[in-house]
Structures are given as C-alpha cells and as structure tokens.
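Beneath this line is the structure, given in structure tokens, with notes to follow.
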Number of protein chains: 4
Amino acid sequence: MIKPEIRLNMINVGIVGGTGYTGVELLRFLAQHPKVNIKTITSRSEAGMEVAELFTSLRGYVDLKFIDPAESKLTECDLVFFATPNGIAMQQAEALINSGVRIIDLAADFRIKDITEWEKWYGMQHACPELVAEAVYGLPEIISRDQIKTARLIANPGCYPTAVQLGFLPLIEAGLVDIKQLIADVKSGVSGAGRKAEVHTLHAEASDNFKAYGVPGHRHLPEIKQGLSKVAGEQVGLTFVPHLVPMIRGIHATLYARLSSSKQINLQDLYEKRYAGEAFVDVLPAGRHPETRSVRGSNICRIAVHRPQNSDTVVILSVTDNLVKGAAGQAVQNMNIMFGLPETLGITQIPLLP
Amino acid sequence: MIKPEIRLNMINVGIVGGTGYTGVELLRFLAQHPKVNIKTITSRSEAGMEVAELFTSLRGYVDLKFIDPAESKLTECDLVFFATPNGIAMQQAEALINSGVRIIDLAADFRIKDITEWEKWYGMQHACPELVAEAVYGLPEIISRDQIKTARLIANPGCYPTAVQLGFLPLIEAGLVDIKQLIADVKSGVSGAGRKAEVHTLHAEASDNFKAYGVPGHRHLPEIKQGLSKVAGEQVGLTFVPHLVPMIRGIHATLYARLSSSKQINLQDLYEKRYAGEAFVDVLPAGRHPETRSVRGSNICRIAVHRPQNSDTVVILSVTDNLVKGAAGQAVQNMNIMFGLPETLGITQIPLLP
Amino acid sequence: MIKPEIRLNMINVGIVGGTGYTGVELLRFLAQHPKVNIKTITSRSEAGMEVAELFTSLRGYVDLKFIDPAESKLTECDLVFFATPNGIAMQQAEALINSGVRIIDLAADFRIKDITEWEKWYGMQHACPELVAEAVYGLPEIISRDQIKTARLIANPGCYPTAVQLGFLPLIEAGLVDIKQLIADVKSGVSGAGRKAEVHTLHAEASDNFKAYGVPGHRHLPEIKQGLSKVAGEQVGLTFVPHLVPMIRGIHATLYARLSSSKQINLQDLYEKRYAGEAFVDVLPAGRHPETRSVRGSNICRIAVHRPQNSDTVVILSVTDNLVKGAAGQAVQNMNIMFGLPETLGITQIPLLP
Amino acid sequence: MIKPEIRLNMINVGIVGGTGYTGVELLRFLAQHPKVNIKTITSRSEAGMEVAELFTSLRGYVDLKFIDPAESKLTECDLVFFATPNGIAMQQAEALINSGVRIIDLAADFRIKDITEWEKWYGMQHACPELVAEAVYGLPEIISRDQIKTARLIANPGCYPTAVQLGFLPLIEAGLVDIKQLIADVKSGVSGAGRKAEVHTLHAEASDNFKAYGVPGHRHLPEIKQGLSKVAGEQVGLTFVPHLVPMIRGIHATLYARLSSSKQINLQDLYEKRYAGEAFVDVLPAGRHPETRSVRGSNICRIAVHRPQNSDTVVILSVTDNLVKGAAGQAVQNMNIMFGLPETLGITQIPLLP
C-alpha cells in the first residue's frame, strides 16, 4: 500500500471524535495534506481500534489508532479539530486555548452569538459563553480572512448555512431584494444526519423516498439569519424548509427572493464579479442548473442565477458537498488561512463524477 | 399463475401506446379492475410482442400482445386511453369520438385551453383545436364531477399540476393569500421523464445526485396557472421550479404563499374541511411531514399545512405518486366517474412501504 | 379515505410485534383480505400509538392502535402471526396453542428441527423444544399442503431459504446434480435486515455500495441444508454466500450445481413441469433473466434455468420479494391453506414496476 | 477557480473519445498528474464544446475543448489513450504507432490474442490482427512490468477481468484448485454499461432492482479464460455470471474454487505474500468482507479470502472501482510504467467514503 512519507515542519493536528462522517472526511484531506501531521485522533467508543479498520477506505493511508480522550495529548497539537456532536467542544475549548492550542469546531457550539437563542435551539446550557464572542465564524468568502488568520477559535459553519449564505450574499450586499421575504428551500443527502444508528435514515426508509422535515423550525435557521442579517445590516425574514434526498452527499439550495429595486441590474454579472476572486465558488454561465454530483467530494460551491419569465422573483441555485464545503473541507480551508498556507492547499481534489 | 376470470358486462377499453410507464401502470390497475375488459393495446415499435414479455411484472395477469395501431379495433372500445407522447391523441381523437368512443388522454394535448399558449410550450401546431374547448380537465377534486361524467374527452392532468393544484386549492378558494406571489418548489422521481433512452436519466447520471431543471420555463407552468387562475377568478403569478430526485416514483410539492388577509384563520381546519369528502386526498394532522413513499403505488395525495414561526408565509407540503394520482390512477378515477362506477373501484391498493 | 366495510364470518387474527417490515406487510395484505378481521396488533415499544401514525401508508386502511402485549386478547383470535424478533414466539406459543389458537411464526424459532443446531446458530436456549417437532415448515410448494392445512403451528420460512429451495428443488428431486457441491450466491435488499436502527444499514452506508457478509456462516445455511437434505434423502453440501444490495426489497439467488448424470435432460422442461400447478412460482422462458423488481410487492417467485456454454454447471436464477414470498405473503398463503380458503386469496396484487 | 500551473518536461497525451465515463475519469487523473500535459481530446459528436461544459465536475480543472478527430494532432502526442467504443482503436492504431506514438486502448480491440475468438464475441472483423500479437495486456500485477515498460501498444484490461484475475491468481499460481470448475459470480455498478442512452440502465429501470445478465455468454469470459489459462499453463473451465447492481461504481467478484490438493495451506498467508509488493492490491485481514465503496474513486483492489465451514470450497471476494482499477486508473498505472515514472504517481487519491 501507499506509505505516507515522513513529514517535517508540519502543523501538528489532533482530531477529537473521529468516528463520524466529518471525521473520515477530515482524515481524507489531512492524510495527504503536505503540511499536516495528524498527531492524534480520539474516540471514546472505539478507543484502541485501528482507524483504517473502521474506515476501510483509509487502509494504506492512515496508520493510527483511536485514542481514548483521556490519554490523548491534545495539548501538544498546534490545532485541534472537533468533529464531535454538539455540546462537546464547548467543554474542552477553554483549557486547550489556554494551552496555546488553536481550535476549529465543526459542530455548532460557537456559531450563534446570542447565547439565549443557542440554548433554545440546541436544548442545553452553554458551557462557556465567554468564548462565543471571541469565536470567528469560519465562512471565508463572507467573513474577513484576517479575522480567521488570527483566530484562536473557529466556529466552522453548518452545511445548510454555507450553501444558503453563499447563494444569497451578492443579492443582499447589493440591496436588491426584500430581505423580509427570503425563502430557502433546501435539500440534503442523508450523510447530513451523521453516522448515527437511527431508523429514519436507514436505507430501507430513506431511499426511493423524499420528504421535508423540520418545517416548524430547524437549528440552521438562526445561524443563517444571523449571517444574512449581519450582511444586511438589519434583521432578515427567512422561511427555511429542509428536505431529505435519497443520496449520500450533497446540498442543493433553491433560494427565492423578491426584487425590491426597480434598478436595471445584471444579476449574472453581479454574481460573477462578487466571486471572481474566490477559488471555491463557481458561478455557472447564465441559464445553467448546477447538480450536486458536480461538487461530490470537493470543496467547491457552484451557483446559478435565474429570473424566470422576467418576473420579480429571483431564483438562486447553490450546490455544495455537505461533508466538504459544508464541513471538513471548509475546516481545512480555515486551517490553511490560520497557518498562512495557500488557501487551496490539500483541498483541490477534482469532484468524483459519475 | 393467477388466471383472470372471464368477465361479463364490462367496459371495453383500449390503450394506445402501452410501452411506457403510464402504460404499465394502466395495465396494473385495469387488469384487476372488476368492470374492465382490456380489449386491445397498441404499440408501433413493439407490435407482436407479448405485453408480459416487455413488462415481466404482468406475467400471469395480462395475456395480450401489442397490436399495430393500424390493426387495432379501437372503434369497438367504449373507452380509449392515450398513454402516448404529446401530439398523438390530438390526431386520432376526432375520429374515435365520432365513432362513439370516449377518450382519456394522459398526455398534454387537451390540457391547455389557450391554443397559442399550448403551441408555444409544446412546440407543434395543434391538430384539432376545436376539441380543446370541449375537453374536460380531469381533476375530480376541483372540476365538477358532473362534467367528467358526461365528457366525451378527458384531458388527464399532468403530474406536477395535480400535486400543486390540490395543495394550493383551499388557500386560493378561501382568498387568503397573495395570488401574485405563489411559489411551487417541486421535486419528482425520474419515472416522470418516461421510459425513454436518454443520458441524463441514466442511473449512473441521476442517482446519488440532485438538481433543478427547467427553471426558465416548464410545460406544466401554464397548466397550473390556468387551473389556479380559474379558481382565483383572476390571473395568478407563479414561480415554478422543478427538480429531479434520485428515486423512481413520487412527487413532493413544497408550496409557499403569503397570507394577504389579517383574518384569524385555522388553516388546518380549512384543509380538513375542504377535503373531508375526498377519498383520494388525505390531510395529515398538524405538524406532520408527508413522504412520497407513503403514497407509493397508490392514488392518494397527502397534504400537510404549516405556518413556520407563525410568519406570513404558509408552507404546504403535497405528495403524490406521479404515475398514479399524477397519471394512470387518476385516469382510472376519471373512468369510474364517466361510467357511473364507485369512484375508488379498482384503485384502492395500499401504498407499498417500505 | 377508503373505509373498510364491516366484515362477517371472518378469521380473527392477531399480530404480535407489528412495528417491523414484516408487520407492515402483513397489515397491507390482511387489511384488504376478504376473509380476515384484524382483531389486535401488539407492540411493547409503541403501545397506544395509532398504527397508521407509524406507517403512514396505512392511513385510511387500518384503524387500529398498537396494544401492549399484556393487554392484548390474543386468546380470542383464531390465528396469531408472530412478526417478532427471534426468540419471542417460542415463549408464547405453547399457551396460545393450548387455548386453541393457531400460530404462524415469521421468525426462526421453529424452523430448525435439530435443537442443538438451532441453539448454536441463534445463540440462545430454546424455550419449547417439544413444539419444534410438531411445527410444520410452511413452504407450500415443497411441504405437503395437507400438513399445513391441519397444522397448529407453522414455521414460516426465511427469505433466503425460500428463494434458494425453490430454485434447487427440481434439480435435487430429479437426482441430476452433485448434491455435495451446491453453491448459493444470494443477494438481498436491505429490508432483509429489518427496521432496526443500525449503522451498517444506514442509507449513507448501504447505498451506492455492495458487499458480501456472513461468509464464514449465516443462520439461513442450516435451514436451507435441512430442507434440501430432506428432499435429497441425504445430507447436502452447500456453500452459501449472502450479499447486501443497495435496494429496499428483493432477493436474487444465483445457484450453481454440477450435473452428475450423463442423462440427456431438458432442464427447462423439468422446471416448467415441476411448477406447472403452482400459482406463485413462475418459470421464465428459456434464456431469460428474472429481475427482482418483476416481483416487487408480490408473492411470486420467478425462476430461470441456464446451462452456459453447455458445460456441466447449471445456473439457476431465482427472485422473490423478501418481505412477501420471503415473509408476510407466504404467511398469508399458509393462512389461506390452514383455513381452507383459495390459496391466492388476498395476495394476488400485481408487482409494482417501475 | 484552481488554475493548473504551467508544466514542463511532461508527457504529451491525447485522448480519443473523451465523452464517456472512462474519458472523464482519465481527465480526473491526468489533469492533476504532475508529469502529464493533456494536448488534445477528441469527440466526433461534441466537437467544439468545452469539456467542462459536458462534465461540470471539471470546471476550473480542464480548460480544453473537444476537437474533431480529423483536426486533432494526435501524432504530436507521446501517448494516446483510446477511450472509445470497441472497434475504433484497431482502425487508427497502426498509423499512430508508425508515427512513434504509443497507445493505451481502454476498449477491447487488442485484449484477445485469438482473432477468431475475438471476432465471434465482438461481432466484427478485426481491422489489424497483426498488432494483436504485439499488444501487451496491461495488468501489471500479472504481466511482467518490463513488457509494459517497452510496449508500443497496451491492451488495457476489462473491468470484470481485472477483479476476477487478481482474485483467482494466487490460487492458480499455487496449483491448489481444480481449474476446470472455477466459478465467478460478479456484480457491477451501472457505469460499467457506459454513458449511452439505453432503456435498461435508466434510473427508473435499474435502481431498486437487481438482475443477472449475459448468463449464456459475456465478452469478458474469453478474456478472463485467456488470462487464467496462461497462468495455469492449460485451459481453465470457468462459469461466469455477471449481475447489475443499483449503484454507480464498483465491481464485486465472488469467486468459488474447489481445493484439489490435500496439502495443508494457509490461504491468507498465500495471498498476503503474493501481493506484498503491490501498491494497488490490498489483502484484507482474515474474516473480513471488502465493500465496493472502500475503493470508490481509487485504483485499489481489495481482496478477502474465505474457506467457509472449512469445506473444500474456497471463496474469494475481490472489489475494485470499475472505472479506475477497471479502466482509467489502470491505464494511468500502465502509462507510469511505460514512461519510467513511479507506478503510483497521480493515482493515489483516497477512496471517497461515505
């Protein structure tokens, strides 16, 4: 099998909770990242097991065992990724940061600035509200990269919020639409539900089937509203309806906004210019429809802009891979920025199609 | 194998173009319908082949061969179903009707009353505009059943139009929403594209993938607008975005409308009352999310009503099986009405889940 | 919704453990069976819940709640189906039978006559070995129907064993093959694993994937060997390799046997004659390949016979729906025989294709 | 988007017929291969179209248009890949070779040494039999790498033949099994059928379904028999049954062989030693079952060795990605050998899981 070479002058990273899908994706990117040394990976449930036994895809690439969190040497890392369920990172972040370790949390613990709001949606008391204010929301195409570069703690965005915010951003920045009437009809592959044993995501339940869920309210709603409201300079109104698609990976956001301005504006041009300098946002030519497989396994977000029948309703289509640009890939992108590396280093894999 | 019994006092039906998915579904319902005798089924391409050789599922149930259209005795039928591509029924309808044969067209030839509009969307000249006015649009929950009962020619509704119209209907009838800003974000399984050899619906292209299509314009848009406008009494404004879901059957319509009235209204109650007498429309209890598999293989439309965060945007979820309530099942429902039979006869199969 | 009519002179049936896939399938068949009254359905975990809330497909067809087993009146039933995990029926069978209730166990408790062998494969002590001898193995095409008709206790066969035994049967009865070298390469949809929350059958794990499992040994191996050995009159040798297919329903058995006889024999003819009188076994014309969807939702087993390149290796292809002929449908077939009804009553639904 | 750097000292490659799945996979590997310059890619049907318009996954990575074959400058290439249907490469190979261009044919034109046999299975006359003898069969783990290194013309193996031959190889080399009774029960994802518009591989036909096909005879049978017979030193007997799996990529070969020797042999050890030096063959630890997703998108073949119930029947499980080790990846592996590069260069991507 392919042996990784010994690596020098590397970022020493730790991964907490590497048995889920964001864990295996982090490993896929980090195991071949030219500037990363994976120092440790923890799991309470699988401690002692070879990582490549759990994820056979990593045989020959990752030669590590899961370590019990109690025995891991996270403080010796330069950077720790939390690929854990919500509520774990907030308990460990302070101690690590005080030891000089930087953190990227792929869960939701530090995404919502309003602690009351967070506690309402996540159903638990926040363990370290004081770090929430400091945490930088790691959506590099929207947040200033300088902030990310110097951050001690990154709140890595959710999968839906990434696709939706990148889709709405140019319209809202340009002040073109009624921000009180935004609609995001979003669809996700089932890996978004994680690698948890649950009946409703069994193949026999979820395949050959389609449904909406969480229409009364979904945790990503406040995250998206916070992000878009910051851009808009005032509170946005958003109807957010998530759906479960019988596919493994991928998010497709279909976004609707009412043009509020009578200005003649070339929307295609607006989007292309806004994202011209972005390596990971691809605005498709006019009239196209992005498909989720066109970004499968990659860190790219592809966007198309439509105005059907020249009406006042703009339709934006935005696709990402929920496990990559919506999770692990964006985390590595943030890492690259934090450590002064080229932003695309290690995450330029071509999407897998078909 | 199970032998069909000899049947007396039956409706003699013919099927024109039975090699597609609506054809095999018609056969599934008609072969066991207690009042139907399938007299003939035509196919130009497969003439001479056993029906059950093409559709192995019908072995033991259907003992017919495809007949060349030229040799079929359609005029001896009481009723002919056209399960053909668009543009075929309009060429044969007049002669058949003049011979006293009644017709249900599962294609689009007679759905749009405005001939110019039809010709624009379907890209051909209409062969018998005079029958378009006479044709009855066969959506029994909306159109008067008396009209269907006496019709010589039924335009069987499209799959998207059925799910969308049934979903919006109570809101529009009650005059509760801004009919100029309707949004229908609809999702269909790939059988909606028919049994045609095409690259984009190959399993290797369409599975594990999700995309929108036809955002600039789709043929079902004018059909839906015609239907809803008739109910509203004025022209509605509709943004209609179809998507392709990696599943075989099923339509999920996610409908958005802005409440225009300040009246306090119980939407759940409104829907339950509107559809109380309908055998094939099931309004789910408040807070539920219908899934397409809950109607797989059945003629039922299930609907849920939501008003997230108590905002002004109502969200309606409506699911059908595109090949049944969206095509063959509704056609048999229309047949039952036309011939004075119980409306549910032969189409009460329980959905197949899982 | 469609209301079931009041039914008289019916078999009163109970279902123990109706929250799994065999449960919902039993309900699909029994709810429309003209001679069945579903008296009670039990579930420990879901007691009090509407059946049609758990399985939305049954809304309008089944108007029952799950009853706590302690409160169910099973002894008032004529027949009780156990749709439970292995090890439950054996604890309740004796008492019910003594109350005059007949039983069909869809689990494995009474399938294996050799108690030691059963305990080895199922990892528990058998609770009532004395009933094992009495139990009739309910594979009507192989076992005498007279035995089924008078049985107090039916061991309903496993899904793989049904497809494999029906496939091998004519060859072994005719003494044509080396029974020490049989190979069954079998493939199952994921519903075969049941409606249990487990990681390896999640959609994100099982879809777009294929694997063998249980190659060192699978519980259906002794069941198949017992059945085929009885037919052969001596112990058969069988290599049995199951695989998991990314589909919901269906079993495909690819069977290999070495011709041991130099007799000239028409294998196609042998199979057609053997199954000529069987309503639920369909031998395809020579040269065909059955597909699992051709029996989706139906009680039919379709079989094709091949002898590639005229070599000594016969290849038999046998497909069933694992939840129907491999479970609930066969159970209803057994019920029909037990109660003197036409064998096909209530289970003649046409397969759902596509 | 990510711009490829300007590359020097590169192999200039051409691709003939790049609109299929092996084409897009070749592009995925070659576009990021550090020693390759893609000079031209031809397509008759899509000439003039941007490659990245047809395959959106390549946007930002491949900046080429399809060239009409007549205008392509293939003779200026160092190496030409034929990713064409069968029967194309044989018409162009001689002229290119005479111009000093080396060739890797991913189709079947040069795989079978016996011209009569080839013509029988492929149904056409061979256009240049004289090159067949010279062509080197590019399965590097079996064929001497020296031959590949100096070859002018490589016949890249078929997808099934790769998985089957790698699976059987150690057993046959060691003379342990009855080579007259080999059985290969093989399963393939639908991308194996190519990117051709056909009814039977539509999503609505192939998904949620499983079937065998080509049982009477399949083109890969003579290719496998040729390869194994060469290793065995005599003609092998093989029963070969292919199946279609509702997944995009992946081959799973389940291989059966009868031990003919009474020698005590450690099969696990045999396989591990045979493939110890091979970068792309991974022998799993004893008792494991490889799954196709564990090699998704990668050039690895994973193999497990079983001897169920210690009988005389050995069961080998062998998985590959049919488009990679079964096609484009193996082609690049051959290219690396031909041009003296490290064999794994550019094809070490980690499999995509989930």
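All heavy atoms count here, side chains included; hydrogens, waters and symmetry mates do not. Throughout, a chain's letter reflects where its sequence line sits, starting with A, and its residues are numbered from 1.
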Exceeds 12 heavy-atom contacts within 6.0 angstrom, atom NZ of A/Lys113
yes

Is it the side chain or the backbone of A/Arg296 that comes within 4.5 Å of chain B heavy atoms, both, or neither?
side chain

Interchain contact, A/Ile248 with chain B, by part (heavy-atom threshold 4.5 Å)
both

Taking every heavy-atom pair that is under 4.5 Å apart, which of A/Arg293, A/Arg249, A/Met247, A/Glu291 has the most such pairs with chain B?
A/Arg293

In short, B/Pro354 meets A/Ala204 closest at the heavy-atom pair CB-O, 3.4 Å

Contact class of A/Pro290 relative to chain B, heavy atoms under 4.5 angstrom
backbone

May I ask you to name which of A/Thr239, A/Leu353, A/Val319, A/Leu202 has the most heavy-atom pairs under 4.5 Å with chain B?
A/Thr239

Side chain, backbone, both or neither: which part of A/Arg258 has a non-hydrogen atom closer than 4.5 Å to chain B?
side chain

Residue by residue, scan residues 208-225 of chain A and write down, ordered by number, those that have a heavy-atom distance under 4.5 Å to chain B; if none do, write 'none'.
A/Asp208, A/Asn209, A/Phe210, A/Lys211, A/Ala212, A/Tyr213, A/Gly214, A/Val215, A/Pro216, A/Gly217, A/Leu221

Counting heavy-atom pairs under 4.5 Å to chain A, which of B/Asn310, B/Asp312, B/Val245, B/Ile251 comes out on top?
B/Val245

To the closest 0.5 Å, what do you measure between NE2 (B/His289) and NE2 (A/His243)?
9.0 Å

Would you call A/Asp185 and B/Lys187 a salt bridge, using N to O less than 4.0 angstrom?
yes

Is the shortest side-chain heavy-atom distance between B/Gln181 and A/Thr313 below 4.5 Å?
no

Sequence-distant partners of B/Asn266, side chain to side chain donor-acceptor pair (under 3.5 Å), two or more places apart
none

Between chain A and each of B/Leu244, B/Leu317, B/Val315, B/Thr254, count heavy-atom pairs under 4.5 Å; write down the option with the most.
B/Thr254

